[in-house]
Each structure stands twice: as structure tokens, then as C-alpha cells.
2 protein chains.
Amino acid sequence: MPKAANTGKKAAKPAKQTTAKATADFTPEAGRRVTSYDVARYAGVSQSAVSRCFKEGGSVSPKTRDKIMKAVRKLGYQPNAIARGLITRRSNMVAVIIANLRFYPETLAYLTSGLNASGNHVLLFSLDHESEVDRIIDQIWQYGVDGVIAGAHLSKKQIELFDQRKIPLVFINRLYRDIAANSVCCDQVEGERILVDRLVAAGHRSFAVVTGPSDSVVSQQRISGAVERLADLGINDVRVIEGEYDYDSGRRALRELADGAGGLPQAVVCANDMMAIGCMDEARHQLGLRVPEDLSVVGFDGVMQAAWSSYDLVTVRQPMQNMVEAAVSMLLSRIERPDLAPEKRMFSGEIVEGCSARLGTSR
Amino acid sequence: MPKAANTGKKAAKPAKQTTAKATADFTPEAGRRVTSYDVARYAGVSQSAVSRCFKEGGSVSPKTRDKIMKAVRKLGYQPNAIARGLITRRSNMVAVIIANLRFYPETLAYLTSGLNASGNHVLLFSLDHESEVDRIIDQIWQYGVDGVIAGAHLSKKQIELFDQRKIPLVFINRLYRDIAANSVCCDQVEGERILVDRLVAAGHRSFAVVTGPSDSVVSQQRISGAVERLADLGINDVRVIEGEYDYDSGRRALRELADGAGGLPQAVVCANDMMAIGCMDEARHQLGLRVPEDLSVVGFDGVMQAAWSSYDLVTVRQPMQNMVEAAVSMLLSRIERPDLAPEKRMFSGEIVEGCSARLGTSR
DNA sequence: TTGTAGGCGTTATCAA
DNA sequence: TTGATAACGCCTACAA
């Protein structure tokens, strides 16, 4: 009988027989999870030995390790990550807050694989509207995540909360001008300016813009980028229609434009691709217009649907995979070294020269 | 000075002054999380009193509760869900395993909101291919989730593992004929049979099917549903092309059909909408065909893009929101009552009568 | 109603 | 290299 048999807190019931490896004696009660104590008892070592076996560079003799690992396999032991996290203060969980989940599914796919690759797990919080953040911020805190990646807008106060609690936070595509927050962005303004330049270079003179929801900061940046550049170029008569980021609101926006005083503009600049696609469908199939001959439509994002040949949308493709990788790596390094200074990384978007708009050469 | 001040494990450092509420004495060291001990010290009560305050129906006098809650707010205390889970054996986390995340984003959106509504959280595991399950199954186990929702295929052995460990598991859209596993499905076979019936009723006689990846069970069910019904109706000459569920493979499939011996069939049945959309674009924009006049195309799923007026796809809409709600409720009841018998729930899909195929009236 | 004390399953420390 | 033993932060009898 292993000498450390009664190391466990619950004293093992007296062995019925002295046969070594009488497994019945070591099998934990049904339904209970196998713990390191069970393994220790089975292998005839102390619980700490078992623990060390699962630690990088833990000092165990080959012989002991062998005995233990045999018991581990036999009993199907897996260390309890929750208990481990309690003492190491590392849960290996990262909270992902993401708004508009249904529009940007690949973002999340890249995030999970990027985080999984480094042994981290994703605790997902999705928002239908960017305003529900407060509700979930406490939850995040309660679960003791190691870090947070946010694809949603947080208030200054909320950001400071994470800062105080020393939980690293990295934003994707949310840029805070005067707050020292980590972020990885696509340059929304630059992208829109180039789009507008090229539309104007092609001769467009009357414009409309379709915004996202009013609480979307990304939409605000994109739209103001476009509008300000248009103003620079002497075009001030720009109709603004508010959308909801989705296909239907794109259609609705175009209908509104068509019905409104002044009629349709020559070009419609949409805050995202989904709405641009809606505009195109409304123009072509409802109003019988040709795109781009009668109307130019541009979007932003570079979602996969934009490349479908029914649309072939002119848009700005955000290098989302690069951005996500950058965000993950920023977060991981800040989990390792909490003293790293806040950093903002900005990627340029790539103009996708589709056929949904007439484009000139800028300059 | 509160009398229970040294209830905490680390004895409070001797107070510098006797002033009541000299907050300095109760403030935890910087960077450390506020614990229930900190609150207890600050409020001058025992730690268990604090704990009871956060428990439904915990007995605390109004006066004490008031004192405690004041301290809670002051110190910004939040119970540590990890530590709580260790003892209650309830993490309030549900693992979500989902394949093909980028094709079915709304599934996940519904899932998170459904689970959040009941105070549960989503630990997300995404798969690019259904074959990577083994890798993550241990992880799930380590995190002690209360249950699992799977939108991916698991082997019989893997399912039994969850059963042994008494972790409730509910599948979405994966049906296991001879295994007692919980599942919520859309009837893939029924949907395909009706589609095929109506295509045949409209006079189509030559068919091709485009499958999903070979490891996708859903694809197998859909395709065999269609092929078997065609055989029943006396149509045995059906070309089968393997796709990858995405747009490009749909285009590729149609090109293959067009290039292959025998030329194009009259109707193409695709295992999902994305590929059907690819087929339509290839037919119209590459081959100059009219859909549905020259070629009928049908899909399956009812994704939002299928309804876009450029496609107006004939498809089977899965009542995904209902399905997800059913899955969540099945899971939650099994977390409460682990003895509930395994159950399979099957929803009918709804034929969406778009314009991408000529349809007859069945029977 | 309140406080004491023990335990959840791990890791960390330290003496042997 | 090993094994006691003390945390980690919380919940829960049980006793007061």
C-alpha cells in the first residue's frame, strides 16, 4: 500500500485487500471529478508531486513522473483550471466584447484562433447595441479575466475602470483621441478621404452619405472623414441619411434619397458595406437604375459579400486579420508586462476597385 | 474601531489613529483585488456576513446589510466568480463549440444573448474544421463549465465522455440516430425532400448536387435527403460535386458542371446558401445564363444574404432563433436536473419561395 | 441573526 | 527531489 495514502484530506477508507493497485480503493466516488489527490493516492506520492508534474520545469524525478503520469492517464485526471487560477491569478481567459457580431463574424473567428494558439480562452460578450456595455463590465470583472479585447465603444470612465483594476484592454477599430488606451485600428478617415477623392476625380459632384447608428463611433469617423474631405473640395451640399448598418437600412436610405427633394445624388457613400449593398439592390431592382452608370455606390469594410460578382463593390478593405493578430499580440504582451505603455497601432485600408462606382485617379 | 477588524487572515496593521472609518486602514494593497474580507473589515462584520449579502435569501438584518452594502459600494467589491465556482461547483459558464462560425454568425449572437439572459456566460471554442474537436474537449473539461452547446460534430466516444463526466451537452443541428444525445435540429431531410419535390413538379429532370465538406454530417444529411428523394422519383442521373460551404466553391462547382461531360443540369441543389449564391453568380456573370430560366438553383439555411434581391434564393429557412432558444432551455433544465432523459427536438424548415428556381406545386 | 471554522482543488514555500 | 502546510476567495454548516 502506498505510504502517502492518507495524505488526502478525506482519509481513504481502510483498504479491503493489500493487493497493490487495487483500483477500487482509489477510484473517486462516482460523479466527483478526479483531483490531484486521487492521482497522488493512486500513484503513492504526495499531491504536490502531482502538481509539479503539470508545471513547466517542475522538479520531479523521471521515475516519479512516470508513475504519476500513468495514474493520470488511468484516472483521466485533468487539472482544474478554476482552482489553479485562484492561486496563480491567471485565468487564461480573455473577455471579448463585440458589437455587431453578425456583421463581422470573421473578426471573432480570427480572435478565437489567435487566442487559443497561445493557450488562452475566449469569454464572449456580444452587444446588439454599443450602449449595453455597463451591464457586462461587472461580469467581466467577476470572472477575473486576464485581459479584454473590445470591438465596441467604451466610455472614458469605463476605460479608466479597467486601468485601475490593471486589466489590460485593447480596442479593435475604436480609436480614442485623448485617452491613453491601447488600440488597433484601420484608418477610417484616410480611407474615406481617398474614396471621396477618387469619386470627385471621376466627376461626381453631388453626394449623399448613409451613416451607421448614431451611437457608433466608427460610423461617425467614417462619415466625418468623407464629409470633411468633400467640404475641402468645395462640395458642401451633402445629404445625410441615418442607417442601422444593415442591408434593409441601406435600401431604405436609398429610397429616402430618391423620394426626397433634389432627387438622387450622383454618388452615395455608405458607412459600411452591408448598407452599400442594400443601396445597390434598391437602385437596381427597385428603381431600375444602373450602377455605376446612373449612380455610384461605395462602402467600407471589405466584407466577403462585397466581392461577390453581383455587387463588386468599391470599398475599403480593412486588413482585419492583421489587425486581430496585432491586437492579440498587444494584449498578450501587456498581460505579461503590465507596465508597457499604452500604444495605438493604425493600419491603412486598401481601396478595392470594384465596379459599383466610377473612380478617377486621385491627384 | 470595528471589533471584527482582525477577522481577516492577514491581521490588519495596527491602526495609526482611532478615527472611525479611517479608510486608509481598510484599503487593500494597491493592485490587489477587493475581497469579501476587505469589505468585512471595512464594515466591521464577519466575512460570512458579506457572503450572505450576495446570496439569494441569505439571512442578514437590514441594518447589517445596509452597512455592508455601503462598504461594498465604497470599495467597489465584486464577488469573485472563480472562487465561488470552486465551492459551489457551478461556474455559470457554458462552452459553445461551433464550426463554420463565419457562415452562421447569428447562431452565436442568439446563443450569447439567450445564455446571458439566465446569468450564464459563453466560453467560446470555434473550429475551422469539424475534426479539431479532440483538441478542445480537454480544455472544456478543465474549465469546469456547467454545460456545453455544440454546433459541431462529435464522435460517439466524445459524447460518452461528456456523459460520464455528467456535463450536459446539447447539439444544434447535429442529429445522432442511435445515440441518446440531446439535440435541436432542423429537419434537413424533410426540407430537401420538399425542395426536390417542387423542383421535379416544375418539370426539372436533370440535377446536380453540390455538397459541403466531406466531414460535415449536416451536408451528408441534406445531400442524401435530396438524392434519395430524386431516386424515389425515378431520377438517378445526378452529378455530385464536392464543395467547401463557401461562395468560391459554389462558383467552382458550377464551372465544373458546365465544363464536365453532359453539360449543365436543369437544376442545382446546393448543401447551403453560400454555395448556391456562388452558383448563381457564376451562372449569370460568367456563363451568361439566366436564373431561373436557364438554370434553377436552390440552397439551404435561409441566411440573410439569400433574401437579398440580387439573389432571392429558393431555400429552406431554418428557424434558427427558435432552435437556439430551445437548445438553451434544454441545456439549462439539464444543468438544474441532470437526471432528465436525453431528448431530441426537431423543427421543420420553411420553404422560401424565391426566384432562383422554378417551383411547381408538390402532389 | 451572527461569527467560527472547514473545505473547494490548485500552486507556492520551505524544510527535510 | 520530495512532502507538509499555508494560501487563493468564497460558501456553508454549525454553534453561539
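Residue numbers start from 1 in every chain, and the chains themselves are labelled A, B, ... in the order their sequence lines are given, proteins ahead of strands. Predicted model, so just to flag it, every value in this text is computed and none were measured. Every heavy atom of this structure was used, including side-chain atoms; hydrogens, water molecules and symmetry mates were not.
- Note: CZ (F54(A)) to C1' (dT11(C)) measures 14 Å, nearest angstrom.
- Only at 4.0 angstrom or more do the heavy atoms of residues 77-85 of chain B sit from any atom of DNA chain C, so none qualifies.
- At the heavy-atom level, T88(A) lies under 4.0 Å from the strands shown only through sugar-phosphate atoms.
- Using modelled atom types, no side-chain atom of K166(A) and backbone atom of P338(A) make a donor-acceptor pair closer than 3.5 Å.
- In this structure, F125(B) has its ring center under 6.0 Å from that of H121(A).
- Distance L75(A) CG to dG9(C) C1': 15 Å, rounded to the nearest Å.
- Listed candidates were dG9(D), dA12(C), dT12(D). Nearest to the side chain of L86(B) is dG9(D).
- At whole-Å resolution of the value, CZ in R90(A) and P in dA7(D) are 23 Å apart.
- Side-chain N/O atoms of R89(A) and base N/O atoms of dG9(D) include no donor-acceptor pair closer than 3.5 Å.
- Two rings, from F54(B) and Y77(B), have their centers less than 6.0 Å apart.
- The listed nucleotides are dC10(D), dT2(C), dG9(C); the one nearest the side chain of I87(B) is dC10(D).
- Using a 4.5 Å heavy-atom threshold, the side chains of I68(A) and Y42(A) count as separate.
- Between R33(B) atom CZ and dC10(D) atom P there is a gap of 7 Å when expressed in whole angstrom units.
- Backbone-only engagement by S36(B) is indicated by non-hydrogen atom pairs under 4.0 Å involving sugar-phosphate atoms exclusively.
- For S48(A) against dA4(D), a side-chain N or O and a base N or O form a donor-acceptor pair under 3.5 Å.
- Going from atom CZ of R52(B) over to atom C1' of dT2(C) covers 6 Å, rounded to whole Å.
- Put simply, the residue from L123(A), N120(A), V94(A) that forms a side-chain contact (heavy atoms from CB on, under 4.5 Å) with V145(A) is L123(A).
- Toward the 5′ end of DNA chain D lies the nearest nucleotide of P62(A), the other residue of the pair K55(B) and P62(A) mapping further downstream.
- One finds a side-chain N or O of S46(B) lying less than 4.0 angstrom from the OP1 or OP2 phosphate oxygen of dG3(C).
- For Y37(A), whose side chain is taken as the heavy atoms from C-beta onward, the closest listed nucleotide among dT1(C), dT2(D), dT10(C) is dT10(C).
- What separates CD of Q142(B) from P of dC8(C) is a distance of 20 Å, to the nearest Å.
- Between L154(A) and I137(A), the closest heavy-atom pair is CD2-CD1, 4.4 Å.
- One can place OH of Y143(B) at 14 Å from P of dT10(C), the figure rounded to the nearest angstrom.
- If you check the side chains of S48(A) and S51(A), you find no donor sitting under 3.5 Å from an acceptor.
- Residue S59(B) is the one, among S51(A) and S59(B), whose nearest nucleotide of DNA chain C lies closer to the 5' end (criterion: closest heavy atom).
- For residues 331-342 of chain A, every residue pair satisfying the salt bridge (charged side-chain N to carboxylate O under 4.0 Å, His left out) rule, not counting sequence neighbours, is listed here: R90(A)-E336(A), R334(A)-E343(A), R337(A)-D339(A).
- Side-chain proximity of S61(A) to dT2(D), dG3(C), dT5(D): nearest is dT2(D).
- Between I68(B) atom CD1 and dT1(C) atom P there is a gap of 13 Å when expressed in whole angstrom units.
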